[in-house]
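So the structure is just underneath, and the comments pick up after that.
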Amino acid sequence: MSAPGLTPTLVRLKLSLLRNGLRQSAGRRAAYVTTVVVVLLFAALQLIGLIALRGSTHAATIAVLLATILALGWAVMPLFFPSGDETLDPTRLVMLPLRPQPLIRALLVASLVGIGPLFTLCLFAGSVVSVAHGAAAYATAVVAVVLALLVCVALARAVAAANIRLLTSRKGRDLAVLSGLVVAVGAQLVNFGAQRLGPGGLDQLNPVADVLRWIPPGSAIGAVDSMSKGCYGIGLAQLALSAAAVAGLGSLWSRSLTKLMTSPDGSTLQAAEPGPREGSSTRLSRLLPAGRTGTVIERSLRYVWRDPKTKAAWVTSLAIGLIVPVFNALQGTGTVYFACFAAGMLGIQMYNQFGQDTSAFWMVAMTISSPRDAYAELRGRALALLLITVPYAALVTVVTTALLGAWHRLPEVLGLSFALLGAMLGTGAWTSAGFPYSIPQEGYKNVVPGQTGLAWISIFGGMVSAALLSSPVIAATIWLNVTSGGADWTWLLLPAGAVYGALLILLGLRLAAPRTARRLPEILAAVSKG
């Protein structure tokens with residue numbers, strides 16, 4: 001009796017993994033069915049829309065651009081969602097006596113099973129239908145769809161195999177956590193690009209499409225368009241490029257797979273480098289003040305750099321705080337006061353300070369025995385935030401005023417930013433003690449179940465309070481700008497806003513310190529639930 005082939009075995013394994021995952025809970029089954037329905041509905045609408053483009057002068061441009069975007073999505077998918085498909089990790093098969101070439105063929109076929117390949121197939125089918133005219137074009141379209149789909153799947157597998165050591169490490173998990181940021185920034189870039197098309201419309205994209213139709217998988221769609229125009233030689237060359245891309249990605253995948261399955265990793269090799277010497281100090285610690293304040297600052301900055309959730313929150317705030325004012329300035333629809341958005345986004349990081357420590361907060365709690373200790377702890381955390389937020393808010397303000405050419409408003413906008421930042425840090429210290437909540441370390445949720453109300457009160461209640469506390473500086477800004485001759489004195493808003501913000505921070509810390517020391521057991525219980 002002959003042994004079953006490797007390809008059918010891996011296909012059945014893929015189906016078994018999917019089936020067993022759905023058996024875990026009714027909620028997971030409902031989520032999967034809902035996802036399938038939504039994806040198939042969206043794919044059907046896209047297919048109809050692409051077919052409706054048939055005969056349009058821009059059909060080929062849109063089809064080629066869509067193919068390139070799909071390939072880009074397949075390329076980055078393994079980097080952001082390494083755990084989304086268990087078969088993406090070939091290290092699970094290292095102990096099996098398998099040769100690379102049969103394994104690649106089997107994995108490639110198994111990769112075609114799923115919602116993603118079906119969605120991609122629908123879009124490629126609609127793309128070729130929108131540009132195909134004539135028997136030669138339709139015959140080419142069948143091959144082009146297969147080649148384009150294989151390019152996308154092989155690209156995803158090659159990227160996963162080349163980076164699987166990274167993706168299964170802590171840095172890889174950090175990258176996955178940041179996927180939401182990439183999506184948000186990408187959406188802003190797409191929106192900005194769409195608005196910058198101008199009166200020329202899609203005609204401005206024709207030069208880009210002319211280049212992409214020679215880059216797989218866009219070359220496969222371009223081959224169908226070339227065949228429709230009677231350019232058979234060009235069409236065959238573009239089709240050959242797609243086939244060569246599949247072969248090249250397969251070769252790259254095979255090389256990475258062979259190295260991955262034959263080379264030792266960190267679990268089989270002892271560390272070559274000795275650990276840091278005991279008692280050694282870092283450059284950062286030497287720059288910080290001695291005592292508890294410097295220790296807390298260094299710890300907070302290390303959390304920003306090393307903890308995945310904290311890093312994701314900071315990078316998201318830094319990116320959005322820059323994107324909103326700068327993109328609006330570039331579009332000519334913004335105002336220089338949008339620069340205060342940067343201070344607002346970064347000020348949010350002060351809220352739920354203890355919840356960011358999760359269960360590790362008990363180590364900090366053991367060092368707090370009085371309001372004085374709590375004040376020193378909160379002061380160190382606030383100073384760590386200020387080390388980043390003050391220069392960043394100033395940088396965003398300078399960039400925004402430069403883009404808008406409103407240099408005369410730079411002092412007042414900086415004063416507003418510093419006042420808002422001080423108000424948010426002050427209220428953040430108070431709400432951190434009054435409404436702490438736990439942040440789960442795994443997944444994409446930022447609040448554990450049952451504490452959503454606390455999170456809303458802490459963040460949005462604190463933001464409303466910060467806005468009210470900033471109202472004197474806001475009112476002064478409005479009054480100086482509407483009063484005759486008041487514009488000559490708006491420069492005073494910079495020192496006034498900075499001093500007012502510093503006073504709000506000190507006041508917030510003074511009020512939060514005794515509250516923190518008194519509610520320490522409740523805070524520890526709340527932040528340890530995740």
Side-chain angles (χ1 to χ4, degrees), residues 288-301 303-304 310 343 346-387 389-390 418-439 447-448 451 453-472 498-530:
L288 297 175
R292 178 165 189 147
T293 299
T295 302
V296 174
I297 294 175
E298 183 175 6
R299 186 213 314 144
S300 300
L301 294 177
Y303 277 179
V304 173
T310 306
L346 296 181
I348 294 177
Q349 304 306 317
M350 188 63 187
Y351 294 92
N352 196 35
Q353 274 293 304
F354 306 129
Q356 296 174 11
D357 296 355
T358 62
S359 57
F361 178 67
W362 73 269
M363 301 178 65
V364 177
M366 292 178 62
T367 66
I368 299 177
S369 58
S370 65
R372 182 178 180 180
D373 294 334
Y375 178 80
E377 177 70 25
L378 289 169
R379 181 181 60 188
R381 293 173 182 249
L383 288 174
L385 288 170
L386 289 173
L387 286 177
T389 54
V390 169
F418 292 155
L420 177 62
L421 183 60
M424 297 193 74
L425 264 62
T427 56
W430 194 85
T431 57
S432 293
F435 306 99
Y437 58 91
S438 182
I439 301 176
V447 185
V448 298
Q451 294 186 337
L454 286 174
W456 278 86
I457 295 174
S458 174
I459 297 177
F460 290 97
M463 290 173 64
V464 171
S465 301
L468 293 175
L469 290 173
S470 305
S471 57
V499 172
Y500 183 69
L503 291 176
L504 289 178
I505 295 175
L506 292 175
L507 179 62
L509 295 179
R510 290 293 182 185
L511 294 176
R515 186 180 178 91
T516 301
R518 185 174 62 253
R519 300 191 69 251
L520 205 56
E522 292 89 341
I523 296 174
L524 183 58
V527 303
S528 301
K529 289 184 177 181

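Along the sequence shown, residues carry numbers from 1.
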Close side-chain approach of [X] and [Y], heavy atoms under 4.5 Å:
X	Y	result
Arg379	Val296	no
Trp430	Leu378	no
Val304	Gln349	no
Tyr303	Arg381	no
Leu421	Leu386	yes

Using a 3.5 Å distance criterion without hydrogens, assess whether the side chain of [X] forms a donor-acceptor pair with backbone atoms of [Y].
X	Y	value
Glu377	Thr367	no
Arg519	Ala433	yes
Ser432	Gln353	yes

Original post:
Side chains of Tyr351 and Thr427: do they bring a donor and an acceptor to under 3.5 Å?
Top reply: yes
Minimum heavy-atom separation for [X] to [Y], with atom names?
X	Y	answer
Ala429	Gly508	CB-O, 4.2 Å
Pro514	Pro371	CA-CB, 4.0 Å
Leu520	Ile368	CD2-O, 3.5 Å
Ala419	Ser470	O-OG, 3.8 Å
Ala423	Ala466	CB-O, 3.5 Å
Leu385	Met350	CD1-SD, 3.2 Å

Could you state the interatomic distance from [atom1] ([X]) to [atom2] ([Y]), rounded to the nearest 0.5 Å?
X	Y	atom1	atom2	result
Leu420	Tyr500	CG	OH	11.0 Å
Ser438	Asp357	OG	CG	10.5 Å
Met363	Leu524	CE	CG	12.5 Å
Thr516	Asp373	OG1	CG	11.5 Å
Leu383	Leu509	CG	CG	8.5 Å

Original post:
Can you tell me if CZ on Arg510 sees more than 12 non-hydrogen neighbours from other groups inside 6.0 Å?
Top reply: no
